[in-house]
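All values below come from the heavy atoms of this structure, side chains included, with hydrogens, waters and symmetry mates left out. All values reported here derive from a predicted model rather than from experimental measurement.
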Amino acid sequence: MAPGFIRQAAAALFEYDTGKVLRIHSLKVGIAQRLIQLLVIAYVVGWVIVYKKGYQDFDDAEGAVIVKLKGVCLTDVPNGTLKGSRVWDVADYAKPAQENNAFFIMTNAIVTPYQMQDTCPEDPSEGSCVQDEDCEGPSPVTGSGIRTGICVNSTKQGVKTCQLYAWCPVENDNPAGGKNTPLINVHNFTVYIRNNVIFRKFNVRRRNIRDSRIKGHLSSCNYNASRPEDLCPIFSVGFILNETEPDPRQQELMLAKGAIIKITITWDCNFDYNPNACLPKYQFLRLDSKSALDYPGYNFRYAEYYRVGSVDMRTLYKAYGLRFIIVVDGRAGQFHIVPLTMNLGSGLALLGLTTVVCDFIVLYVLKKRQIFHEMKFVDVDGDDAFEPIYKNSNYGTINVMDGKS
């Protein structure tokens, strides 16, 4: 058994396969062959070369963004910590002043002024107590300070809460503008978004500002989606809100509770033409869930510290507003012979599928497949053949010594 297997393996090692042309006159096979060739050519030319621009070399954009806000607003709050009239400018509502590819506009706030480190009752919304034992144990992480273990009267009549050592008085939960109405109307505020990109491979730089020598061009322009060639990078906040959420009621809730908005700047360039024809496209998408019941919108806290006499004090702000995240995405292409040659070569290789499929039809599907099988595969023994291992096969074997089959 083993020696026979070794002989057959050695015979297979010392044999050579060569192609044989077998011309088959068949309507079915001919149609299948031309149809597969047509599909492969359509795929290579139509999809790979034309649609996917397989004749171009590509490079991704690298870019930077600079943002500036403009706008002033007057508020008149009837009661609360911000009671009275107040003017809000960029330094008041843009917190923090600088971020990396992002910016924030405060539209509502809970303000707790004149806080100092002292003992005071916890806010009633955090829970109540009846006796001192209710206030013993570790302080909750959601609380405003450290419990002293004493149950005291709260700011709400008839309700007792645990006494805290904290920044007092503790924060209340009543936004100055209201829970569902904004404090600051920012629709007419403007955002200047300057974007510079570079495609290193092609040594091309682009920016979303028109190279104009006309003085005052930026001060008088406003982005118009129907005229992208104007290259005006100034957007009104109202325009961004309309593009993100057309429903006015939802817009008001976004301003009252906050929201997260993504601004995508896309550069899709074809440098086979004039690079100056490459213009940016802007897309706006709301990222936070408008249907969320717990912790909707967007907010964060910050404080302004000062000193009165020898006492350290602060004013605590819980800021609600619109957080904008800017993403720059870009890709440019230019003709290059290498990707074109590679894609054409891959297409020629795919044409080999035609032979594979047609051989399968001829050898395994057609009624005369046995005849085609015998005609396609023929074993020929040379005068120095190691051992003819297909003597008992169904195909003909030719011995070149005597020329008989």
Side-chain angles (χ1 to χ4, degrees), residues 75-89 91-97 99 104-184 255-258 288 292-321 323:
T75 61
D76 189 4
V77 180
N79 50 55
T81 55
L82 291 178
K83 182 179 179 180
S85 299
R86 176 170 174 171
V87 175
W88 299 79
D89 62 12
D92 297 316
Y93 58 74
K95 299 289 183 178
E99 291 190 75
F104 174 80
I105 301 177
M106 184 174 68
T107 56
N108 205 355
I110 297 174
V111 182
T112 310
Y114 311 121
Q115 283 188 323
M116 66 179 70
Q117 294 203 2
D118 201 351
T119 57
C120 54
E122 174 65 288
D123 186 75
S125 63
E126 294 294 334
S128 60
C129 64
V130 178
Q131 53 189 354
D132 291 347
E133 287 76 7
D134 297 333
C135 300
E136 294 177 353
S139 302
V141 294
T142 57
S144 301
I146 306 299
R147 287 180 176 179
T148 63
I150 303 173
C151 185
V152 297
N153 293 323
S154 71
T155 55
K156 186 177 181 180
Q157 187 175 3
V159 178
K160 286 188 171 184
T161 60
C162 295
Q163 186 187 66
L164 301 177
Y165 179 66
W167 285 95
C168 298
V170 297
E171 177 187 84
N172 59 39
D173 197 22
N174 296 310
K179 289 185 180 295
N180 295 319
T181 54
L183 170 66
I184 304 175
L255 296 178
K257 298 179 179 297
D288 65 298
L293 299 179
D294 54 336
Y295 305 107
Y298 178 79
N299 63 79
F300 67 95
R301 291 175 175 84
Y302 70 95
E304 295 177 350
Y305 294 88
Y306 51 94
R307 193 176 183 87
V308 177
S310 60
V311 179
D312 292 325
M313 306 187 72
R314 75 177 188 182
T315 297
L316 178 66
Y317 292 84
K318 183 178 181 180
Y320 298 83
R323 175 169 171 79

**OP:** Of all the heavy-atom pairs spanning Gly258 and Asp288, show the shortest one and how long it is.
**Re:** O-OD2, 4.2 Å
**OP:** Report yes if the side chains of Leu183 and Trp88 come closer than 4.5 Å at any heavy-atom pair, otherwise no.
**Re:** yes
Original post:
Partners of Glu99 by salt bridge (charged side-chain N to carboxylate O under 4.0 Å, His left out), sequence neighbours excluded?
Top reply: Arg323
Subject >> side chain to side chain donor-acceptor pair (under 3.5 Å) partners of residues 126-146, not counting sequence neighbours, each pair once >> reply: Glu122-Ser144
Original post:
So, for Pro124 and Val159, which heavy atoms are closest and what is the spacing to 0.1 Å?
Top reply: CB-CG1, 4.4 Å
Original post:
Rounded to the nearest 0.5 Å, what separation is found between the SG atom of Cys168 and the CE atom of Met116?
Top reply: 9.0 Å
Original post:
Say you draw a straight line from CZ of Phe300 to CZ of Phe104; how long is it, rounded to the nearest 0.5 Å?
Top reply: 4.5 Å
Original post:
Hey, is Cys162 close enough to Cys151 that the SGs sit under 2.5 Å?
Top reply: no
Subject >> Pairs flagged by salt bridge (Lys or Arg N to Asp or Glu O under 4.0 Å) wherever residues 304-317 is involved - sequence neighbours left out >> reply: Arg307-Asp312
Original post:
Who passes ring-ring contact (aromatic ring centres under 6.0 Å, His included) against Tyr317, sequence neighbours left out?
Top reply: Tyr302
Original post:
What distance do Thr107 atom OG1 and Asn299 atom CG have between them, rounded to the nearest 0.5 Å?
Top reply: 10.5 Å
**OP:** If a pair satisfies side chain to side chain donor-acceptor pair (under 3.5 Å) and one of its residues is in residues 151-165, list it, with sequence neighbours excluded.
**Re:** Thr148-Gln163
**OP:** With the side chain counted from C-beta on, respond yes when Ile184 and Tyr93 share a heavy-atom pair under 4.5 Å apart, and no when they do not.
**Re:** yes
Original post:
Can you tell if the side chain of Cys120 reaches within under 4.5 Å of the side chain of Pro169, non-hydrogen atoms only?
Top reply: no
Subject >> Residues forming a side-chain contact (heavy atoms from CB on, under 4.5 Å) with Tyr114, sequence neighbours excluded >> reply: Tyr306, Met313
Original post:
If you measure from OG1 on Thr112 to NZ on Lys318, what distance do you get to the nearest 0.5 Å?
Top reply: 10.0 Å
Original post:
CG of Leu316 to CD of Glu171: how many Å apart, nearest 0.5 Å?
Top reply: 5.0 Å
Subject >> Pairwise distance CG(Asp123) to CG(Leu164) - rounded to 0.5 angstrom >> reply: 10.0 Å
